[in-house]
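The structure appears below as structure tokens.
These numbers were taken from a predicted model, which means no experiment stands behind them. Below, all heavy atoms of this structure are taken into account, side chains as well, without hydrogens, waters or symmetry copies.
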Amino acid sequence: MAATMIEKLLRRNTGVETAKAGDIVTANVDRVMIHDIFIPFVKDKFEEMGFTRLWDPDKVVLIYDHLVPASQLDDPRHHRIGDAFADKYGPIHVHRSDGICHQLMTEAGYVKPGDVVFGTDSHTTTYGCVGAFSSGIGYTEMASILGTGKLWVRVPETIRVIVDGTLPPNVSSKDIILRLIGDLTAAGASYCALEFSGSTVEEMTVASRMTMANMAIEAGAKCALFTPDEKTADYCGVALTEEMTALRGDEEAHYIRTIRYQADQLVPVMACPSQVDQIRPVAELEGREIDQVFIGSCTNGRLEDLMAAAAVLKGKKVAPFVKLIVTPASRKVYLDALENGTLDILAGAGAVITHPGCGLCCGRTGGILTDGERVVATNNRNFLGRMGTSKVEIYLASPASAAAAAAAGKIVLPPAF
Amino acid sequence: MKETFTARVWTLGDDIDTDIVIPTEYLAMKTIQDMAPYAFSPLRPELAGQIRPGDVIVAGKNFGCGSSREQAPEVIKALGIRCVIAGSFARIFFRNAINNGLLLIECPALREAVEEGEEISVEVGSAIVCNGVRYPVAALPDNLLEIVSAGGLVKAMRRRNGLE
């Protein structure tokens with residue numbers, strides 16, 4: 001029976017050979033991620049439910065990232081509660097200042113192709129970059145998984161996205177996913193899986209796929225999926241198996257929609273204030289003056305993103321009135337960028353390099369803005385009040401577009417090297 | 001379980017995201033009650049203080065999009081909102097609301113038909129009546145009704161663990 005990638009993955013996970021879109025199945029959870037904002041609530045609900053032990057401590061990853069380093073007086077309380085939870089119910093995996101949860105889950109090897117993973121964060125869709133089914137949930141459901149190892153899911157319908165050809169030099173995977181969100185709208189993939197394929201996607205690094213999977217939620221998607229290949233296996237530190245490469249949607253499977261892009265037709269774009277689906281070509285926005293640029297986040301804070309920014313800023317200076325904030329997604333990214341000279345170039349151009357973590361993306365620390373200010377940012381949300389007051393204008397962009405804006409002091413097209 | 005009630009309406013637009021429902025800067029407060037006064041503050045800072053227990057929210061499509069923060073349905077419940085009626089709901093918000101026993105009703109036609117401050121009549125699982133017009137609404141799927149009828153996911157798990 002022909003099947004989409006998510007149907008195949010969930011059939012394998014649940015043993016229900018007939019599972020198809022619309023069916024409700026009980027998934028066996030391979031790994032969970034909880035971050036510091038929600039751990040106090042997860043703990044309370046877990047205990048209130050009457051559980052006394054975790055279903056499998058090795059499958060539980062606790063990551064401090066939103067509140068590291070603490071910026072408000074209540075923040076350290078979350079880490080104390082997290083540490084006490086780990087002491088009482090562990091041994092679980094705890095990362096106290098290693099970087100952003102979604103970066104660490106794949107980078108540190110917690111997620112493998114074909115896994116089913118849930119996290120207390122909407123951008124948990126990110127792990128689809130390695131062919132896992134991963135999705136965000138609330139703290140009550142997380143507590144129930146911690147006790148049972150299971151969660152009901154409705155097998156989603158699939159929207160197939162096929163991208164073929166070679167991207168222009170100043171267009172990145174961020175531009176593809178922004179364009180897709182604009183075409184789908186913020187609710188256009190609600191409850192659906194996005195299944196990506198095509199030669200452009202096959203050529204892409206895992207890091208670039210991660211950017212796209214990360215933002216699937218911004219179109220409402222339940223998950224994003226990329227078929228595992230040699231690059232995936234290499235990134236995950238595993239051998240590529242037939243079981244992994246078989247995770248591919250069949251041509252004859254039922255897709256509710258198929259969207260095709262020719263990569264060479266794509267252009268640099270930005271999401272304009274204050275909705276992720278307000279997408280416009282950078283060429284139409286050129287000349288808008290800016291106050292700040294943020295390069296970082298689980299969307300675009302990886303080595304290739306910092307290198308793309310450095311390529312634009314090499315030998316240049318940030319415009320005198322612009323603050324450029326660069327936040328590596330993890331300690332590993334930070335160290336790699338330090339070692340290969342990327343941080344030298346960025347700091348030399350005038351960037352403020354911050355500690356790895358969520359930082360400015362969640363609007364709590366490190367560069368919040370005020371009424372009338374405009375920021376170009378590489379993260380995933382430009383909602384009202386996301387990075388300061390509700391009168392801040394946030395433009396979401398690729399690292400190259402963001403770096404070009406930082407140097408020019410206004411929105412400009414990134415150079416086509 | 002045939003439940004009918006009348007309620008005063010607060011209206012909101014499309015794509016009301018969870019950063020609007022409760023901004024990140026308030027998420028580390030100790031209790032949901034501490035956070036509730038800041039609900040909807042980026043969009044309408046006065047709203048949380050005006051809502052009275054038993055009121056309902058009527059919004060456009062994709063209500064609750066954005067982050068997975070469960071504080072979003074919890075602060076709405078803490079304000080005393082009886083139910084949220086929207087054109088459609090984002091999926092994580094939908095699950096979180098069900099798990100906390102916050103009633104959600106999909107009714108795409110209502111938003112254009114109702115003015116803020118008007119009263120509507122809600123027949124749960126059946127219809128909404130506004131200005132004499134009857135708008136049919138769907139009932140929840142069985143597996144979700146089970147969670148709601150248990151009084152939310154915490155109670156369902158307590159029952160599983162032999163505590164209730």
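When each of A:Q275, A:K222, A:K391 is checked for heavy-atom pairs under 4.5 Å with chain B, A:K222 comes out on top. Across A:G147, A:A221, A:G363, A:S144, the residue that shares the most heavy-atom pairs under 4.5 angstrom with chain B is A:S144. The greatest number of non-hydrogen atom pairs below 4.5 Å with chain B, out of A:N380, A:I137, A:I217, is found for A:I137. Considering only heavy-atom pairs separated by less than 4.5 Å from chain B, the leading option among A:H78, A:E141, A:H123 is A:E141. Annotation: maximal heavy-atom pairing with chain A below 4.5 Å, among B:I20, B:L153, B:L163, B:D15, occurs at B:L153.
A donor-acceptor pair under 3.5 Å is formed between the side chain of B:N96 and the backbone N or O of A:G138. For the pair B:N161 (side chain) and A:M49 (backbone), a donor-acceptor distance under 3.5 Å is present. The closest donor-acceptor contact from the side chain of A:S190 to the backbone of B:A90 lies at 3.5 Å or more, if one exists at all.
Using a 4.5 Å cut-off on side-chain heavy atoms (C-beta onward), B:K30 and A:R77 make contact. Contact check for B:R95 versus A:V153: side-chain heavy atoms found under the 4.5 Å cut-off. Side-chain atoms of B:T24 and A:F383, non-hydrogen and from C-beta on, never get closer than 4.5 Å to each other. Residues A:F41 and B:E70 form no side-chain contact, since every pair of their non-hydrogen atoms from C-beta on lies 4.5 Å or further apart. A heavy-atom distance below 4.5 Å is found between the side chains of A:S135 and B:R91. By the 4.5 Å heavy-atom criterion applied to side chains, B:E25 and A:Q72 are counted as neighbours.
Atom OG1 of B:T18 is separated from atom CZ of A:R381 by 6.0 Å, given to the nearest 0.5 angstrom. In this structure, OG1 on A:T185 lies 9.5 Å from CG on B:D14, to the nearest 0.5 angstrom. Here the OG-CE distance, from B:S68 to A:M142, works out to 8.5 Å after rounding to the nearest 0.5 Å.
Looking only at atom types and distance, the side chain of A:Y139 has a donor-acceptor partner in the side chain of B:E74 under 3.5 Å away. Side-chain N/O atoms of A:T148 and B:R160 include no donor and acceptor closer than 3.5 Å.
Across every non-hydrogen atom of B:G66 and A:S122, the tightest pair is O-CB, 3.4 Å. Residues B:N100 and A:K45 share a closest heavy-atom pair of OD1-NZ, 3.9 Å. Pairing each heavy atom of B:N62 with each of A:A187, the nearest pair is CG-CB, 3.4 Å. Of all the heavy atoms in B:R69 and A:F38, the pair that sits closest is CA-CZ, 3.4 Å.
Looking at B:E164, neither its backbone nor its side chain comes within 4.5 Å of chain A, counting heavy atoms on both sides. Contact of B:F89 with chain A is made through backbone and side chain together, with heavy-atom distances under 4.5 Å. Using a 4.5 Å cut-off between heavy atoms, B:I16 does not touch chain A at all. Neither the backbone nor the side chain of B:I98 has a heavy atom closer than 4.5 Å to any heavy atom of chain A.
Heavy-atom contacts from other residues, nucleotides or ligands closer than 6.0 Å to CD of B:E116 number more than 12. In B:R44, the CZ atom is crowded: over 12 heavy atoms of neighbouring residues, nucleotides or ligands sit closer than 6.0 Å. Atom CD of B:E112 has 12 or fewer heavy atoms from other residues, nucleotides or ligands within 6.0 Å.
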task = Start with the C-alpha gap between B:D19 and A:L384, add the side-chain angles, then the distance that decides, and say whether side chain to side chain contact (heavy atoms under 4.5 Å, CB included) holds.
result = CA-CA 7 Å; B:D19 276 74; A:L384 281 183; over 6 Å; no

- Task: Could you please spell out the steps behind the side chain to side chain contact (heavy atoms under 4.5 Å, CB included) verdict for B:L27 and A:H66?
- Result: CA-CA 11 Å; B:L27 290 184; A:H66 286 66; over 6 Å; no

